[in-house]
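One structure is given below, encoded as structure tokens.
Heavy atoms only: backbone and side chains are in, while hydrogens, waters and symmetry mates are out.
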Amino acid sequence: MKARTILMLALALCFVGVGMCYADDLNIGTWKLNEAKSKIPPGFMKNTTVVYETAGDSMKVTTDGTDKDGKPLHTEWTGKFDGKDYPLTGDPTADSRSYTKVDDHKLTLSNKKSGKVVTSGHIVLSDDGKSRTLHLAGTNSAGEKVSSTAVYDKQ
């Protein structure tokens, strides 16, 4: 009985610890695109809503927006901010994504298709945590280098 109580207590502490790791993450929440402050070139994918949430000991990132042709697009990614590639669904241009947490206010990211980087960039959170800016660069289908800056407001 004593061993079982200790085991249950240990498991409870593990779950609390995982929850606390992400509870302070400023990325968690729903973010809406502020088009007036953004610079997204024509033909570039546009995420109008981005949601960060915990998923066990990982993060889940869900986006809704439009593809390069203006058609609806929904993507999902679940993984850790550890620089490793995790599957990305819903994006016709990429099949995996990696995030690296630089500090509490900055993430770097890389989208890949069949192991090759197609876009990369970084996300910077404002000091007050109420806005975030995504700087993204890559190559379009014509082989031209393109970049965008998307500003999001926390909801």
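Aromatic ring orientation, Tyr86 versus Trp77: perpendicular (interplanar angle above 60°, classes split at 30° and 60°).
Within the 4.5 Å cutoff, the side chain of Glu53 has no heavy atoms near those of the Met59 side chain. At least one side-chain heavy atom of Val51 sits under 4.5 Å from a side-chain heavy atom of Thr30. Using a 4.5 Å heavy-atom cutoff, the side chains of Lys101 and Asp103 are not in contact. Looking at heavy atoms from C-beta onward, Asp104 lies out of side-chain contact with Asp25 at the 4.5 angstrom threshold. You'll find the side chain of Leu73 reaches within 4.5 Å of the side chain of Met45, heavy atoms only. Taking the side chain as every heavy atom from C-beta outward, Phe81 and Leu107 approach each other to under 4.5 Å. Annotation: side chain of Asp82 is not in contact with side chain of Thr100 (no heavy-atom distance under 4.5 Å). Residues Arg97 and Lys112 are not in side-chain contact: their nearest non-hydrogen atoms beyond the backbone lie 4.5 Å or more apart.
Side chain of His105 to backbone of Ser126: a donor-acceptor contact under 3.5 angstrom is found. Although no hydrogens or angles enter the test, the distance criterion places a donor-acceptor pair under 3.5 Å between the side chain of Lys154 and the main chain of Ile28.
Smallest separation of non-hydrogen atoms from Leu33 and Ser38: CD1-OG, 3.3 Å. The two residues Pro41 and Ser148 come nearest to each other via the heavy atoms CD-CB, 3.7 Å. Closest heavy-atom contact between Trp31 and Arg132: CD2-CD, 3.1 Å. Closest approach of Ile40 and Ala150 over heavy atoms only: CD1-CB, 4.1 Å. Here the closest non-hydrogen pair linking Lys60 and Thr78 is CG-OG1, 3.6 Å. Minimum interatomic distance between Tyr52 and Ile123 (heavy atoms only, all atoms of both residues): OH-CD1, 3.4 Å.
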* Report the C-alpha separation of Thr66 and Asn47 in whole Å, then their side-chain angles, then the decisive distance to 0.1 Å, and conclude whether the side-chain contact (heavy atoms from CB on, under 4.5 Å) test is met. => CA-CA 6 Å; Thr66 56; Asn47 293 324; over 6 Å; no

* To do: Quick one: do Lys32 and Thr49 satisfy side chain to side chain donor-acceptor pair (under 3.5 Å)? Show the steps, please.
  => CA-CA 5 Å; Lys32 296 281 185 186; Thr49 304; 3.2 Å; yes

* **Check against salt bridge (charged side-chain N to carboxylate O under 4.0 Å, His left out), Asp57 and Lys80** => CA-CA 8 Å; Asp57 66 346; Lys80 298 179 182 180; 3.2 Å; yes

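Between the side chains of Thr75 and Thr63, at least one donor N or O sits under 3.5 Å from an acceptor N or O.
We find the CG-OG distance between Leu136 and Ser147 to be 8.5 Å, quoted to the nearest 0.5 Å. Remark: Tyr152 OH to Asn34 CG distance equals 10.5 Å, nearest 0.5 Å. Here the CG-OG distance, from Leu125 to Ser131, works out to 8.0 Å after rounding to the nearest 0.5 Å. In this structure, NZ on Lys116 lies 13.0 Å from CG on Asp95, to the nearest 0.5 angstrom. Rounded to the nearest 0.5 Å, atoms CG (Leu109) and OG (Ser120) are 7.5 Å apart. In this structure, NZ on Lys39 lies 6.5 Å from OG1 on Thr149, to the nearest 0.5 angstrom.
Placement of Leu26 and Val50 within a single hydrophobic cluster is found when ILVMFWY residues are connected by side-chain heavy-atom separations under 4.5 Å, directly or transitively.
Note on Lys37 versus Asp153: no salt bridge recorded, every NZ/NE/NH1/NH2 to OD/OE distance being 4.0 Å or above.
A 6.0 Å sphere centred on NZ of Lys68 holds no more than 12 heavy atoms belonging to other residues, nucleotides or ligands.
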